[in-house]
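Quick note on labels: first sequence line is chain A, next is B, and so on, each numbered from 1.
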2 protein chains.
Amino acid sequence: MKLSKRANEIQESPIRKLMPFANAAKAQGVHIYHLNIGQPDIETPQEMRDVYRTFEDKVLAYGPSQGLDLYRSNLVRYYKKHNIALTTDDIIVTTAGSEALVFALLVTCNPGDEVIVPEPFYANYNGFATMTGVKIVPLTTYAENGFSLPGNEKIEALITDKTAAIMMCNPGNPTGAVYPKSEIARIANIAKKNNLYVISDEVYREFVYDGHAHTSILDIEGMDELGLMVDSISKRYSACGARIGCLISRNKDLMASVLKFAQARLCPPTIDQLAANACIDIEEEYFTNIISEYDNRRNFVYEELQKIDDIICLKPTGAFYIIAKLPISDADHFAKWMLTDFRIDDETLMFAPAAGFYASEGLGKNEVRLAYILNKDKLRKAMNIFQKGLEKYIEIFEK
Amino acid sequence: MKLSKRANEIQESPIRKLMPFANAAKAQGVHIYHLNIGQPDIETPQEMRDVYRTFEDKVLAYGPSQGLDLYRSNLVRYYKKHNIALTTDDIIVTTAGSEALVFALLVTCNPGDEVIVPEPFYANYNGFATMTGVKIVPLTTYAENGFSLPGNEKIEALITDKTAAIMMCNPGNPTGAVYPKSEIARIANIAKKNNLYVISDEVYREFVYDGHAHTSILDIEGMDELGLMVDSISKRYSACGARIGCLISRNKDLMASVLKFAQARLCPPTIDQLAANACIDIEEEYFTNIISEYDNRRNFVYEELQKIDDIICLKPTGAFYIIAKLPISDADHFAKWMLTDFRIDDETLMFAPAAGFYASEGLGKNEVRLAYILNKDKLRKAMNIFQKGLEKYIEIFEK
């Protein structure tokens, strides 16, 4: 019996597909530094963990499909601090950002419709596009100029009668790029002129460095009808396992439809929402400390990468990823080889080969994404393994 | 800007769509007995609640996309007790049964493909079908004979070159029907003969009465390639808010593809999986007590319904729903009117009008689904309100 076409087409996650090799190495007693996935080592806030530890309900019941009212009304306050004026009705709580992305594509696109996405992009967009029958049309950006957005002409050249939306991630995963307000406004103008939705994935909102500021699509005038924002607490509170996100729009018809999709799956996890809710009034110091920590890690990883000959890598200004273009031809093979063959003191490193973050065939084959989500001591060892491994790999396979 | 076609087409949940009227009534101080939704009042097991209360990890991290190994290996033991022989690799943990159903449709069906589903069926199948572009082809069953399955000819008459699967719920929501092993084998034979998948939703496995036994599609010989089973802990452990389910199949290619869809959304909730895991070795007494409780409730609700003139309602043998065909023309209107207009001592009742559980236009309009998920004292009051409300409704609208 045949599987469906989409079952055959769906892309393997470049972030997770090498896990069998990592697990095999672990089974041999090898320690692996996981820079492949955005799983921070930062402690989940005590306030949040306390919610689980003090949960007293006797019945772990369904919540409302749109999310708990308590949490949604508190989210309104959270977003207000970030210049995003909302009402509770603009917010539907989702099972992490993943579900919010799926809902966003479902309500804005017919099967076969196109969504323009700056590439490299968060690889799982491919999976959500496959699920929803949407075609991702890549707008290529380049490591050489810090993955800045091309001019209007290049963007508008991609628009067809099938184009339904522009989808972007800001701050960018995997690029680390933070678009200035003028760029968000430029995208918004293109969307308004061409009657396209803008789906803005802003899960790294807090993680901006060097005095840059984050601008939400919902902080741009005139985007009430066309703007959708995807959010998640996974990175914000180092709570990836809670699976709490949300989809936000001021477009009432659109949100009424999202609610119906949300009703079909009943509700997002209940206790995890309460836990997320406990973080709303977290002290500013929490973020100051974390951002300072990530900033240090970023500087360190960036400086270490600069020591490598013929590397192309600009300093990212947001999120906690860095893309490096390496003097090799097959980063997929390099990443796998590191797991299967290379060790220093019984340790090795896992990172994400970047081709999976591109939709254009052939791009990203010599690029890797590193997530700087471990502490400096571990990063020091990890980067040493990376440098030595790369040297050895080049010696064996590229000479 | 237009929404997508599917955004306009997706069905409102018949279980939740009247919530605004319920909320309005509550705002007036009216107490509502919720027999509209399968949210049991049974306590979630202490073992499960204790997991939250003793959670000690400092970082609430991602788990594996296929679910925690610990939980999956324990699930193998759980299923073994139910005559379902599995290996860990046959199981992918999902965000509740909902996600398992979506994954099942994604990998078995192309957009436009057809799935034969005995109706009335769990209404949210419509939503998942809309999400995945699948067409549900209803196989009508009738209250008059306890919703038993029609003969092979009637089933095979529905098969076209677009048919990819038969999807069924056993024990049945909303029907309460439990198919005997011979019926499951008959469906399996039709599937094998016509090369169709069988997607079997078995979330009510434990809830069977009157000495009936539940048979899994995976307990039928020769269904390794074609059988998919959807499961959830929501009802089993009265843990609807945990959002933990799974999709199971011995078809390795199929599960390899499911894993890729699972990787796109990263993982199901982490702590909630650990909590579910704590229930694997729950004492048999837990179920004996609960099933005896539901059995009593079922008998009570059934007997109360029999007191109503001109009602058609056979005694269900599984799950915790009962469908009643009423001597009225518009159960939707009746359900809404109960919330807006009918009270006894400032109390009223919410139930699900059944038309939304049918795909065939016009069917179920005079039927309602009641979930017997409250204790007997509450059910007594609820059924009194139902009887009196129905009398009054008929007096006003049907005479």
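- Heavy atoms closer than 4.5 Å to chain A are found in both the backbone and the side chain of Arg53(B).
- Interface residue Asp41(B): only backbone heavy atoms are found under 4.5 Å from chain A.
- The parts of Leu106(B) that come within reach of chain A are both its backbone and its side chain, each placing non-hydrogen atoms under 4.5 angstrom from that chain.
- Of the possible donor and acceptor atoms, none in the side chain of Thr95(A) sits under 3.5 Å from a partner among the backbone N and O of Arg243(A).
- The contact between Asp272(B) and chain A is made entirely by side chain atoms (from C-beta outward), counting heavy-atom distances below 4.5 Å.
- Interface remark: Val51(B) contributes no atoms to any contact with chain A (heavy atom separation under 4.5 Å).
- Within the 4.5 angstrom heavy-atom criterion, only backbone atoms of Ile42(B) (N, CA, C, O) approach chain A.
- Within residues 126-133 of chain B, the residues having any heavy atom under 4.5 Å from a heavy atom of chain A are, by residue number, Gly127(B), Phe128(B), Thr130(B), Met131(B), Thr132(B).
- Looking at Leu105(B), only its backbone comes within 4.5 Å of chain A, counting heavy atoms on both sides.
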Under 3.5 Å, side-chain donor or acceptor atoms of residues 56-64 of chain B against the rest of the protein: list the pairs with distances, not counting sequence neighbours.
unit_1: Tyr62(B); atom_1: OH; unit_2: Lys235(A); atom_2: NZ; d: 3.0

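- Around the NZ atom of Lys5(B), the shell of radius 6.0 Å holds no more than 12 heavy atoms that belong to other residues, nucleotides or ligands.
- Contacts of Glu225(B) with chain A are made by side-chain atoms alone, with heavy-atom separations under 4.5 Å and no backbone atom involved.
- Under a 3.5 Å cut-off, the side chain of Thr94(A) and the backbone N or O of Gly97(A) do not form any donor-acceptor pair.
- Taking Phe121(B) as the reference, Tyr125(B) meet the ring-ring contact (aromatic ring centres under 6.0 Å, His included) condition, with sequence neighbours excluded.
- The part of Met48(B) that comes within reach of chain A is its side chain, from C-beta onward, which places non-hydrogen atoms under 4.5 angstrom from that chain.
- Contact count versus chain B (heavy atoms, under 4.5 Å) is highest, among Pro45(A), Ser13(A), Cys109(A), for Cys109(A).
- For Ser98(B), the part sitting under 4.5 Å from any heavy atom of chain A is the side chain, from C-beta outward, and nothing else.
- The residue among Ser65(B), Ala164(B), Ser4(B), Ala7(B) with the most heavy atom pairs within less than 4.5 Å of chain A is Ser4(B).
- With a 4.5 angstrom heavy-atom cutoff, Ala96(B) does not touch chain A via any of its atoms.
- Residues from residues 262-271 of chain A that place a non-hydrogen atom less than 4.5 Å from a non-hydrogen atom of chain B comprise Gln263(A), Ala264(A), Arg265(A), Leu266(A), Cys267(A), Pro268(A), Pro269(A), Thr270(A), Ile271(A), given in numerical order.
- Tyr52(B) and Tyr52(A) have parallel rings, their planes meeting at less than 30° on a 0 to 90° scale where 60° marks the start of perpendicular.
- Using modelled atom types, no side-chain atom of Arg6(B) and backbone atom of Thr108(A) make a donor-acceptor pair closer than 3.5 Å.
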